[in-house]
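Down below is the structure, laid out as structure tokens.
Note on naming: letters A, B, ... go to the chains in the order of the sequence lines (proteins, then strands), and numbering restarts at 1 for each one. Below, all heavy atoms of this structure are taken into account, side chains as well, without hydrogens, waters or symmetry copies.
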Amino acid sequence: MDYDPEKGYVALLGWSLNAVEAAAKFDRRYVVVAPDWAEEYCAQHDIPYLAWNFERLNDRSMEIAEQLQEMGVDVAIPLYEETVEWAGAINSVLLDNPRLLGQAMLMRDKSLMKRRAQLGGIRVGIFEEAHDREDVIRFLRRVNQTLLKLDGDPNDPIHFKAFDKAGCLGHRVIRTPDDVDSIPEDEFPALMESHLDGWEFAVEAWVHEGKIRFLNISEYVSLGYSVYVPASPELESYREQITRQVEKLIKTFDIEFGFIHPEYFVTSDGEMYFGEVAYRPPGFKVFELLERVYGFNAYQGMILAFDPKTTTEEIEAFFPREVVDAKGHAGCFGVYPRLRVVSRLEIPEETENHPYFESHELTAPMEETVTKRTAFGTHWGLVYFVGEDPKELHQLLKRQEELDYYI
Amino acid sequence: MAVARLDDALAVLADSLEFAKPARVQRVLDAARRVLLSKDGCSAIEARAEAIEEAGLFAGSDWDSPQSLVPSLTQHSLTSADANVVVIEAISELRLLAVARGRYRHPVVSAEQAHHYLAQVLATNLTLLFTPPGEAQRVGQGRLAGIAQSVLEHLADGIGFEHIVDYLIDEIWRILQQRPIQTGPVRQMITQIAICQANPAIDLGSSGQGADRLISSLFGPTQASREDPGVDIYRERLQHMDTGALQMEAGGCARAMHDTGLVSAYHAVLIRHLLTQGDHLLAEALGLSSTGRDCLLCYRDLVHVLVEKAISPHTTQAIYGLALMLERGILYQQPLAPALWRQLNLHLCPQARQRLAASFGEAVAPEVRLLEGVLCILGQPLGVGQGNNPTCQSARALSMWAYNDPDYLLQMVAWAARDDEIIMHFEGQTISSRQVGEGLAATAPLDLDAVSALVVPHLDRIYAEMGRQCSGREGDPHRWVNPEFHGWWSGRGFRINVDVASGQIVDLGDFLRHFYASYHPFHNGNQPLIHPQPAGIAVTDSSARFVGWHAITILRVALDPQQVMRVFFYNPNNDSGQDWGNEVVVSTAGNGERYGESSLPFEQFASRLYIFHYDPLEHGELASVSAEELEQVAEHMKSSWAEGRWSESTAWNLLAEPD
């Protein structure tokens, strides 16, 4: 699509085929900033491209910012956790707002993030930083003491999250000192949190002029396995409260524009606890699920939310009405092989025959032996479902956990 | 419901940008799989065939070039354990059914081509069609097995269920009348029919009667092999036969072979047995006429060694090649017998062995495979096919040499097989197949006869290099490349009726007058064509739409039994019986064609011709060609491939005054 010269020029940080396609079909000029392995592909398909290897921020960070500024780029959009701080650094130059870098650094450090939230009066669980395994054991013991557990009672688990890893990567549940031993060295330092019994969910919020322009609630069926949108009516009944929480978050983190993806717990007494927040698209293809049910392209929504030249009318017209405009519910399930030795992929018959089943992106196994799953590791691919009834979808997603896809 | 999902998924695929399509394909395949498993699913897919292809489902896969799909491969894809392979194959077949039924005008496949293709698909999958999935298939495929069967049934319904087998038999005969060197696909189809006939659970009704000759030629050509006893028992039986009985066997084998061009394994056993029984019986078993018999007796030792080395139940077609080679009398050409002795003792380089093993497996030694190939190409020069490769020029050259200059061909084979290098000359410059860049075929072709498999990669590279050396010259490079590449006998006179730069028709009057004056016996002093000449045609499909440029050989021009002047030519395509639209239907039998020849009435042929060579010193009477004749050809052109290339001001510029 031809771009509108009156609108902004955006840089996508990181490689995502879906994001690139969304940009290519949208009315904004764009450039993909990605490592050099993407160069050939971009050249082949006429995708505007700038090579950059996103390592840690360093002395050369200004270079890319200046390069983009010279090209006339208005704003940088992070697509991955690793590019969030880059976007902050670049946007602080492009938008002449040094605070943006600090804001991005907050997003990249789970411990700082939590403290900031706490300062803003947002409820969080008990948390502490861990620099070595000793710290973890002590925290595990202390939390369970607080809960008045006796020796021999099963421990309440704690959550262990590497500081700077995205989503489920580096997220472990620790119950015993043995679990502590299995944490690799490179996951320290990390954030530890008490376990909250409750309903965990995530929010995707597009923010423009400091206001929420679209808010989606993603319901987890089982963390790390499955998610669906829009959430069930039960969870949606908290929408008012959730919106207030997200507004508080926006204020606390001083977010003027862009896209945030926070996670929360609702405990049985209706109390809302903040988990963490990311300044990038969520994993588990939630954007694709949203497009499936609402019909709008979430990446294009992101481009609108970031572009300083977007008008209020434009962004309001872009998004549909939350929940009521959704055609059914869409969910996906991340498949992990359940057997230790597998030889082939076979979608379970009951799954394949279920009217809600839509598609999958699983491939045949490359190796016969399945590596033991660490943390909430990487799934082998997603299976997609779409249907009218959220209850049915919920049960269907839950049921998948008991089925063998690889046999 | 399932169909609605498919339509959604298709819309998404159609709407995505080229580079993002691969990521959208899976959803379409998943949706299509469900549709295929549902009632009337096949019809639903067939109805969407055009939309599916346009959405880009096949992009980047082999199915994207339906014109080069190989029917026999469907046997594997339809029974694959990979759901995606089964589904995409099924969709592709249903798409071609839509094409065959005229519901989808495909840019590169005509309805007839689709029809032929599907008939062959059905033939190779007959058992799958008529029997419920076997245990092995069920275990491997699970529910997918149902898809293969329902698709085949749908195809059979579409093509006419009751006539399938009869139609297949006609197809097989039609192909056999062209006497291809490669008989693998035909053998496979006949075997399928035989299996179905032998299975009491399958009721073929009254159809399939005409298959007897085909099946018996492979599995029971004679009295003593009638019930297909196996080669060991047959060999045993031969031991106890007297001359009279052996003569019966020899006659039976020879008749089966010459009727069909197919050779049974029993025939190989018999021939080897007869080596010790006298040349009279050997000649009988080869079905030789007096010419062939005479040749056999003259070159007795050579023939015996050839039989010993080349003929076995695994290399039966060598018998047919040998018989036809003897019949052609080419052994009387001085260099040929010594060249064959060289071939018998030729040591193959590792690359050549590897290439042959890749194409034919290792059951038979590569030397033997090659020897069989050599006998076949010498016996059936017009049986060479290009396979599914863009190498029509190389296939044409091989055929032309086998036809016209067989010892040169043997020289090429020796160079390629022994040295892995062929050197040719272009205007004094040496061109080595080792030192030049890529040819037209991106990968080594695997679907060719043994000689082609070895030699074509070299020729392909050399041909491409000759073309490169002409880059920058004004006009069409074939003018210089063809004579240098094919041989001195390719005329240095050259005419083309297409302007290379603009693609417009030019100089048509001059072009056609020269063609008539050089080739048409009524205008060239009744001179039969002396040497085969390379020519270029504009291939059109059955709707007379332009498909592409193609290399052929003009072999002879003569009156057919109905007193129509016809051009007889060789087409390196694997199946030359093609409908080129507007009633221009290439005939391969029944109009005076010899095996492997194609033919068209002279003016119809002229209407598809765009390049030819001639001897400028021998041209006939340009002026004797009437304007009406030319006008007729021009009309044929204008209504087919020349549409859109025609401008009255330039097309005819030399018509008025022949030079």
Legend entry - Contact summary for A20(B) and L17(A), nearest pair of heavy atoms: CA-CD2, 4.0 Å
Inset, instruction - Against chain A, work out which of E18(B), Q26(B), R27(B) has the most heavy-atom pairs shorter than 4.5 Å and name it. - result: R27(B)
Legend entry - Contact winner vs chain A - A31(B), A9(B), A23(B), S16(B), heavy-atom pairs under 4.5 Å: S16(B)
Legend entry - Considering all heavy atoms, the nearest N18(A)-R24(B) contact: OD1-NH1, 3.0 Å
Legend entry - Top contributor to chain B interface from H45(A), E361(A), E349(A) [non-hydrogen pairs under 4.5 Å]: E349(A)
Legend entry - Heavy-atom proximity to chain B below 4.5 Å, by part of N353(A): both
Inset, instruction - Answer yes or no: is there a side-chain heavy-atom contact under 4.5 Å between E291(A) and V12(B)? - result: no
Inset, instruction - Give the member of D15(B), V28(B), L29(B) that has the highest number of heavy-atom pairs under 4.5 Å with chain A. - result: D15(B)
Legend entry - Non-hydrogen atoms of F19(B) and Y41(A) that approach each other most closely: O-OH, 2.9 Å
Inset, instruction - Can you tell which part of E352(A) gets under 4.5 Å to a heavy atom of chain B, answering side chain, backbone, both or neither? - result: both
Inset, instruction - Taking atom CD of E314(A) as the centre, report whether more than 12 heavy atoms of other residues, nucleotides or ligands fall under 6.0 Å from it. - result: yes
Inset, instruction - List the atom of R5(B), the atom of F357(A), and the distance in Å for their closest heavy-atom pair. - result: NH1-O, 3.1 Å
Inset, instruction - Inspect the surroundings of CG in D62(B) and state if more than 12 heavy atoms from other residues, nucleotides or ligands are less than 6.0 Å away. - result: no
Legend entry - E40(A), CD atom: more than 12 neighbouring heavy atoms under 6.0 Å: no
Legend entry - D8(B), part contacting chain A, at a heavy-atom distance under 4.5 Å: side chain
Inset, instruction - Please tell me if the side chains of D30(B) and Y384(A) come closer than 4.5 Å, counting only heavy atoms from C-beta onward. - result: no
Inset, instruction - Heavy-atom distances under 4.5 Å only: say whether L345(A) touches chain B with side chain, backbone, both or neither. - result: neither
Inset, instruction - Would you confirm whether R34(B), through its side chain, and E358(A), through its main-chain N or O, come within 3.5 Å as a donor-acceptor pair? - result: no
